[in-house]
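In what follows, a single structure is set out as structure tokens and then discussed.
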Amino acid sequence: MTERKRKVDLGGEGGGVVKRVEVEAGTTAGGESGGVNPLTHLAYSERYYDILKGRKGLPIWQARSELIRMLNEHQTTVLVGETGSGKTTQVAQFICDAGFCSGQMMIGCTQPRRVAAMSVAKRVSEEMDVNLGEQVGYTIRFEDVSGPNTVIKFLTDGMLLREAMTDPQLSRYSVIILDEAHERTLATDILFGLLKEILEKRKDLKLVVMSATLEAEKFQTYFIDAPLIKVPGRLFPVEIFYTQEPERDYLEAAIRTVLQIHQHEDPGDVLLFLTGEEEIEEACRRISREAYDMGETAGEAMVIPLYSSLPPAQQQRIFAKAPEPKGPGGKPGRKIIVSTNIAETSLTIDGIVYVVDPGFSKQKVYNPRVRVESLLVTPISRASAHQRSGRAGRTRPGKCFRLYTENSFQKDLQEQTYPEILRSNLGSVVLQLKKLGVEDLVHFDFMDPPAPETLMRALELLNYLGALDDEGELTQIGAVMSEFPLDPQLSKMLVASPQFKCSNEILTVTAMLSVPNCFVRPRDKAREADAAKEQFVHSDGDHMTLLNVFHAFKQWQATGEEKDMCYNNWLNYRSLKSAESVRDQLARICNRLNVNLVSTDFSDRYYYINIRKAIVSGYFMQVAHMEKSGKYQTVKDNELVMLHPSCVLGNKPEWVLYHEFVLTSRHYIRTCIDIEGDWLVDIAPHYFDLSNFPVCAARRSLERLYMKRSKGK
DNA sequence: GAGCACTGC
């Protein structure tokens, strides 16, 4: 192997010295046997005692009494526990046992992901010997499995934020636990600032911030000297190897390293981290082929791609057993999983012994100047590298091959990944904060304050949409918009749609725009997929095409053949199912807020015109104009763009409205409709006011339009 | 004439 050996004990790397906490006698939950469950008033089952034995062996168990003492003495406590410490399942139970959920008060524990909220709730209900959905429950979008007797509730961080909009003091909670705080999701970051304000007003509220990394010290400072409890994780040691020289081509190096492991290392599964689908499929093809060419000199390689857009059944393959030896006395086979970051945070795979880490991932970046979010292949952080290597030590000692130099690891990599709030368009965040009663955004206590320009862009957008007035105060329509789990442009178009007599249709379009692309188009079956899409194409543009697809889906549903029909027509069934749930949820919110659901008669010649105008009411800031050269230029920003090849508009209209600006090999506008200049002037006169408009062909076209109008008068 | 890291409401 080309790698220089360097042994680093993972437990020591970045983890610091672990503080051992003494066990206090007599604090075990429920006693040894024959106890009565205070939550159900029933005798504990045998299973309860079985599980309890295991719980007592978790590292976090040792910190039990210390945690409760800290909670009694301080409003906020920070707890660091690495993988395997047991914090996610145990901490809420400890706090409940200590009597923090008396009366109608609950403990809320947030998770960044739905699956985690569901599975942890299920586990904890078993550990506490209660029924899921009664004393222990969970709440995620589309699903509330909790009730009047619930004392511990697991919920996504986004869900708690939504709850805060109707209950600004979070008055039903006695304790809030923010788990996985090191991930710094947008929602967690907003909750930090919000909770800091709530804690001032509610001295009875307790907060526990749980993190897997030592960034915890930053949390301590932020929450003004909150005490810190450290709990060791339970990982086997992982040997770390670095390359001696930087690798010029990380994909090549990664494939080579995996093949060398396969040929020379002891049995054990391999996990390779790459950045995206295309790269992963390419690597899988090459690894399979070359491993096969090794013949008898190596065992069988079972190469499995893993990324989020794979259907769940294919994702399940990662849990398959490694192949048996090819023959008697042959080398055992191994699983080689080639994955995106999904295996770093969301999915854990047991049995991984070797991790190959080229050191890159795709990250979202936001450019406030052009108001565009895009994905860039970026070097990962040291925290991320640490997390990746840890994936090798879950079931036995492992090895991690980092395809960069140790010097680069120390000097080039950032300590932490930039939190999402610094990399995002903040339109909906600002709208939510306003609804949550945060008056002064500039002085809101962000743990990491976003760039002023990013906040300005968000305020400007919301002002143009009419959600904020010129003083930055939430308007009536802004308050309604904030109730929808949507981007401000989408919620504006939805809220405005009854005026255009098409809210039923806009509801569908909004749902379709909120879910992953429903068109399936494998590269080797592109022609067939394109032909299938043709049946749904509407000449007014992509939004109407999406409307047609959804209508077809509903018709297929009536005869129960929707799954097959999706497959036959190259449509993503999961996408359409989820558009359906989103639509139902949005319809419920519309009903609650008296947004009337109406339609124009289908035979009316204004049926589609009304829909397109409603879209303009939310997206008038995303319009491009055709120049003399035949190219499109975005309005006001004057960026030269091309219609994305997937766009159904063939006639090259003078004005197009786009849903997305994508920065890839070229500047594309994607998901477009044909619109008229007149509508822009009618629907958004404040934005198309020429006193504040750069010189360009679009301006000249608007000038002619205004001229014609004044003559007409 | 082409993508689509990952989540979440």
Side-chain angles (χ1 to χ4, degrees), chain A residues 110-117 139-144 155-166 180 183-191 273-281 305-310 339-347 360-365 373-378 380 384 387 417 419-421 423-424 428-429 431-432 435-436 481-488 490-491 511 514-523 526-527 529-530 572 575 578 581-582 585-586 588-589 642-648 650 660 662-671:
Chain A
T110 69
Q111 295 293 324
R113 283 166 291 277
R114 288 188 214 167
V115 192
T139 308
I140 58 178
R141 189 182 189 181
F142 308 130
E143 213 183 340
D144 181 6
L155 69 178
T156 47
D157 48 10
M159 199 68 218
L160 185 62
L161 208 51
R162 283 281 152 190
E163 287 190 1
M165 283 173 46
T166 48
E180 314 290 1
E183 286 194 27
R184 302 291 303 275
T185 65
L186 256 181
T188 298
D189 262 27
I190 299 167
L191 284 169
F273 285 101
L274 289 176
T275 66
E277 172 177 346
E278 202 179 297
E279 211 174 66
I280 288 171
E281 294 293 350
L306 178 63
Y307 43 87
S308 75
S309 61
L310 277 177
S339 171
T340 60
N341 255 9
I342 194 169
E344 188 184 308
T345 48
S346 312
L347 280 172
F360 292 95
S361 69
K362 276 192 193 170
Q363 286 177 32
K364 185 173 69 183
V365 285
E373 280 182 347
S374 47
L375 284 175
L376 274 184
V377 174
T378 315
I380 59 170
S384 205
Q387 184 70 17
T417 311
E420 198 184 357
I421 199 164
R423 299 183 282 117
S424 305
S428 54
V429 168
L431 186 59
Q432 275 188 63
K435 170 70 181 177
L436 287 161
M481 283 166 61
S482 72
E483 300 270 347
F484 291 93
L486 297 169
D487 276 347
L490 282 173
S491 49
S514 310
V515 299
N517 183 9
C518 66
F519 296 107
V520 178
R521 192 178 187 268
R523 210 186 299 171
R527 198 180 289 174
D530 289 346
N572 184 333
S575 244
S578 95
S581 335
V582 171
Q585 185 195 26
L586 297 177
R588 282 194 301 274
I589 301 174
M642 293 172 67
L643 291 180
H644 192 271
S646 66
C647 179
V648 301
E660 254 184 316
V662 283
L663 264 175
T664 48
S665 50
R666 292 202 167 115
H667 289 185
Y668 286 112
I669 48 177
R670 189 163 55 192
T671 316

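This one's a predicted model, so the numbers in the text were calculated from it and none came from an experiment. Here is the naming used below: chain letters follow the sequence lines, and residue numbers restart at 1 for every chain. Worth knowing before you read on, the calculation uses all heavy atoms, side chains too, and leaves out hydrogens, waters and symmetry mates.
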Taking only side-chain N and O atoms of [X], does any of them lie within less than 4.0 angstrom of OP1 or OP2 on [N]?
X        : N     : answer
A/Thr156 : B/dC9 : yes
A/Thr340 : B/dC6 : yes
A/Thr345 : B/dC6 : no
A/Arg670 : B/dC4 : yes

Any idea which heavy atoms bring [X] and [Y] closest together, and the distance?
X        : Y        : answer
A/Gln363 : A/Ile380 : NE2-CA, 4.4 Å
A/Arg162 : A/Ser482 : NH1-O, 3.0 Å
A/Pro112 : A/Asp157 : CA-OD2, 3.8 Å

| All salt bridge (charged side-chain N to carboxylate O under 4.0 Å, His left out) counterparts of A/Glu163, not counting sequence neighbours | A/Lys153
| task | List in chain and number order the residues that pass salt bridge (charged side-chain N to carboxylate O under 4.0 Å, His left out) with A/Glu279, two or more places apart in sequence or in another chain; answer none if no residue qualifies. | result | none
Using a 4.0 Å heavy-atom cut-off across all strands, classify [X] as base, sugar-phosphate, or nothing.
X        : value
A/Tyr668 : sugar-phosphate
A/Leu161 : nothing
A/Leu375 : base
A/Gln363 : nothing
A/Thr275 : sugar-phosphate

Gap between atoms [atom1] and [atom2], on [X] and [N] respectively (whole Å):
X        : N     : atom1 : atom2 : answer
A/Leu306 : B/dC6 : CG    : C1'   : 12 Å
A/Leu155 : B/dT7 : CG    : C1'   : 15 Å
A/Arg114 : B/dC6 : CZ    : C1'   : 13 Å
A/Arg113 : B/dC6 : CZ    : C1'   : 8 Å
A/Gln585 : B/dG8 : CD    : C1'   : 11 Å
A/Phe142 : B/dC9 : CZ    : P     : 8 Å
A/Gln432 : B/dG8 : CD    : P     : 15 Å
A/Leu486 : B/dC9 : CG    : P     : 13 Å

| query | Can you tell which of B/dT7, B/dG3, B/dC9 lies closest to the side chain of A/Arg521? | reply | B/dG3
| field | Candidates B/dG1, B/dT7, B/dC4 - which lies nearest the side chain of A/Ser346 | value | B/dT7
| message | Whether the side chain of A/Arg666 and the base of B/dA2 hold a donor-acceptor pair under 3.5 Å is what I'd like checked. | response | no
| Judged by atom type as modelled, is there a donor-acceptor pair below 3.5 Å linking the side chain of A/Thr156 to the main-chain atoms of A/Arg114? | no
| said: I want to confirm an ordering. Mapping A/Ser428 and A/Lys364 to their closest nucleotides on DNA chain B, which one lands closer to the 5' end? | reply: A/Lys364
